[in-house]
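Working notes for the structure below.
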Amino acid sequence: MTSPADTIAAIATAPGEGGVAIVRISGPQARRILSGAFRPARQGAEMTSHRLRCGTVVDAEGEAIDEAMAVFMRAPNTYTREDVAEIQCHGGEACSRAVLRRVLQLGARLAEPGEFTRRAFLSGRIDLSRAEAVMQLVGAQGEAARRAALRQMRGGVSFFVMDVVRRIEGLLAQIQAAVDFPDEIDEAPVAAQVRAEVGDIAAEVARRIDPVGARILVNGASVVLAGRPNVGKSSLMNAILNCERAIVTDIPGTTRDVLSERFELDGRVVRLSDTAGIRQSEDAIEQIGVERARGEMEGADVVLLVFDASQALTDADREMLAQADERCILCLNKSDLGVVLHESDFPGREVVRLSAVTREGMDALLEALRLRLHARVEEDSFTAERHIRIAREALELLENCMRAIDQGFGPDVTSLDLYRACELFNQITGRDASEEVISSIFANFCVGK
């Protein structure tokens, strides 16, 4: 069982070789432990709060462990709002572990995963949604995910949720007044006002609930190249990545498995997958590749359906077109070889004519892909799975409240859903979160954060 009376320590930097490793200490004994482990280069120099000092980390006998920089930071102006010390030693496991062992010898306890951030939460420095954003920022894949995590860490989710709670509490106060003073307050106008305000709140919450958009923002989008053999899928992959990643030959069936690469488009991570040409084949290995291609298409966020623009549509092309849904962008490749297929041949479809060899139309294709990803991602949406789940439950309660008002139920009935919705929203910020929920969140943190 952890205790705030403990002084905790951990290596706060990633394992492996590096220029610098940081050993972080937090708790009431942080200054004493730092004084026992660190000797400033200038004798008699005091460890003034928030001032970095050069010196040496020493063992119990006074022998040097490593040359280092150290800083002491007095509470409450620290990450945890406790006294905090950091020792910046040379990177690499040998140095950092030796420094950590010395700190533990002096009375610190090895921190549990996420314990530094948990102390920041328990001290009131950050709420639960901001604490979760810390790990989202650490694990951010792509510039857009970094911006979203930073926005949440600075209170983007918190401010929205707190405003929603404030508005609902205001409605509950109006309802309670109508119940307590029925002779002075007419319920009908109050019900109408509550209905309108709840409707506005529900619309704002619903707009921020987009699991697919959140996944694309946090983990990246899946974009799949598909089509029959020899339409130029692999050449198109190389053109998008601007490097020779996929093998290109004139032999049908060259690509037999899924080949994936990651790249960034406007700060959003994209996993681009080249797949086997879809056709009937007696080759068992090629059949497996075709099945995997179909599976990749089913799970893709965007499908680049590639056709050979220099040839008329085949039966296989028409079959794929018949199955194409709104996720598909039709790519008329090989336009440098003479155009047989035109955009007008595909009414109602998004079509890009291009050549992977000459790069004609590549800018148009990337712009079409960029617009697709922008359309799926609202940057102020909920991005954490826990937040989305809670917001969905709360939205259902808000909708129940509106239905109850529409059906003529009294305020004593409609207020029950609003009370419960308030409780759910408070779970996002941690105001009403259980110890079990809090512990499960911080268990997913890395040690040292």
Side-chain angles (χ1 to χ4, degrees), residues 121 127-136 139-140 144-145 148-149 151-153 155-172 175 194-222 299 301 326-327 373-407 409 413-444:
F121 164 67
D127 64 25
L128 199 54
S129 68
R130 295 191 193 196
E132 290 169 290
V134 171
M135 280 310 294
Q136 286 190 344
R151 225 175 7 255
Q152 182 173 323
M153 196 167 74
V157 170
S158 300
F159 294 149
F160 172 71
V161 168
M162 288 189 292
D163 181 61
V164 166
V165 169
R166 177 189 60 78
R167 291 163 68 182
I168 294 176
E169 288 176 341
L171 296 177
L172 287 169
I175 291 172
V194 170
R195 175 64 173 81
E197 180 71 5
V198 171
D200 290 343
I201 295 171
E204 291 177 34
V205 172
R207 185 182 62 79
R208 291 171 181 255
I209 299 173
D210 181 7
V212 175
R215 175 182 54 74
I216 290 174
L217 183 63
V218 175
N219 300 324
S222 171
D301 297 305
E326 70 282 352
R327 298 172 301 146
L373 298 185
H374 274 292
R376 285 313 312 256
V377 178
E378 292 280 354
E379 295 211 344
D380 62 352
S381 296
F382 294 111
T383 56
E385 184 180 342
R386 186 181 75 91
H387 301 171
I388 292 172
R389 175 179 51 79
I390 292 173
R392 273 177 164 167
E393 292 181 37
L395 179 60
E396 186 175 341
L397 290 167
L398 295 176
E399 290 171 344
N400 287 344
C401 174
M402 290 188 287
R403 281 193 293 269
I405 294 173
D406 292 342
Q407 293 168 9
F409 285 94
V413 174
T414 57
S415 63
L416 295 176
D417 288 324
L418 292 181
Y419 275 117
R420 180 57 184 147
C422 238
E423 291 175 350
L424 286 171
F425 283 119
N426 281 328
Q427 287 182 18
I428 291 178
T429 58
R431 185 173 165 184
D432 285 340
S434 67
E435 177 62 28
E436 182 181 1
V437 168
I438 293 170
S439 296
S440 67
I441 289 172
F442 288 106
N444 295 319

query: Which atom pair, heavy atoms only, marks the closest approach of Asp432 to Glu423?
result: OD2-CA, 3.8 Å

query: What's the spacing between Ser222 OG and Arg327 CZ if we round to 0.5 Å?
result: 9.0 Å

task: Just jot down the salt bridge (Lys or Arg N to Asp or Glu O under 4.0 Å) partners of Glu385, sequence neighbours excluded, or say none.
output: none

- prompt: If we only count heavy atoms from C-beta on, is the Thr429 to Val165 side-chain gap below 4.5 Å?
  reply: no

statement: In this structure, CD of Glu132 is separated from NE2 of His387 (nearest 0.5 Å) by 3.5 Å

statement: For Phe442, the ring pair (Phe, Tyr, Trp, His ring centres under 6.0 Å) test, sequence neighbours excluded, returns Phe445

message: Among residues at least two apart in sequence or on other chains, which ones pass side chain to side chain donor-acceptor pair (under 3.5 Å) with Arg130?
response: none

query: Does a side chain donor of either Asp210 or Ser381 reach within less than 3.5 Å of an acceptor in the other side chain?
result: no

message: Tell me the closest heavy-atom pair linking Ala149 and Ala133, and the distance in Å.
response: O-CB, 3.6 Å

Can you give me every donor-acceptor pair (side chain of residues 388-400, partner residue at least two apart or in another chain, under 3.5 Å) with its distance?
residue	atom	partner	partner atom	Å
Asn400	OD1	Arg403	NH2	2.3
Asn400	ND2	Glu396	O	3.4

- request: Inspect the surroundings of CZ in Arg431 and state if more than 12 heavy atoms from other residues, nucleotides or ligands are less than 6.0 Å away.
  value: no

- prompt: CD/Gln427 to CD1/Ile438 distance, rounded to the nearest 0.5 angstrom?
  reply: 10.0 Å

message: Would you compute the distance between atom CG of Asp127 and atom CZ of Phe159 and round it to the nearest 0.5 angstrom?
response: 9.0 Å

- prompt: Taking only residues two or more places apart in sequence, or in another chain, which ones meet Thr414 in a side chain to side chain donor-acceptor pair (under 3.5 Å)?
  reply: none

Student check: side-chain heavy atoms of Thr383 and Gln136 closer than 4.5 Å: yes

message: Checking Glu169 now: which residues fulfil side chain to side chain donor-acceptor pair (under 3.5 Å) with it, not counting sequence neighbours?
response: none

Rounded distance (nearest 0.5 Å) linking atom CG of Asp417 with atom CZ of Phe409: 11.0 Å

- prompt: What residues, two or more places apart in sequence or in another chain, satisfy salt bridge (Lys or Arg N to Asp or Glu O under 4.0 Å) together with Asp406?
  reply: Arg195

message: Could you work out, with side-chain contact (heavy atoms from CB on, under 4.5 Å) as the rule, every residue matching Ser439, not counting sequence neighbours?
response: Arg118, Glu435

field: Point-to-point distance, once rounded to the nearest 0.5 Å, from CD1 of Ile175 to SG of Cys401
entry: 6.0 Å

statement: By salt bridge (Lys or Arg N to Asp or Glu O under 4.0 Å), Asp163 pairs with (sequence neighbours left out) Arg166, Arg167

- request: Could you list the residues that satisfy salt bridge (Lys or Arg N to Asp or Glu O under 4.0 Å) with Arg215, not counting sequence neighbours?
  value: Asp301

field: Contacts of type side chain to side chain donor-acceptor pair (under 3.5 Å), residue Ser415, not counting sequence neighbours
entry: none

field: Residue pair Phe382 / Val205: nearest heavy atoms and the distance that separates them
entry: CE1-O, 4.4 Å

- request: Flag the pair Glu204 and Arg207 as a salt bridge only when some basic side-chain nitrogen lies within less than 4.0 angstrom of an acidic carboxylate oxygen.
  value: no

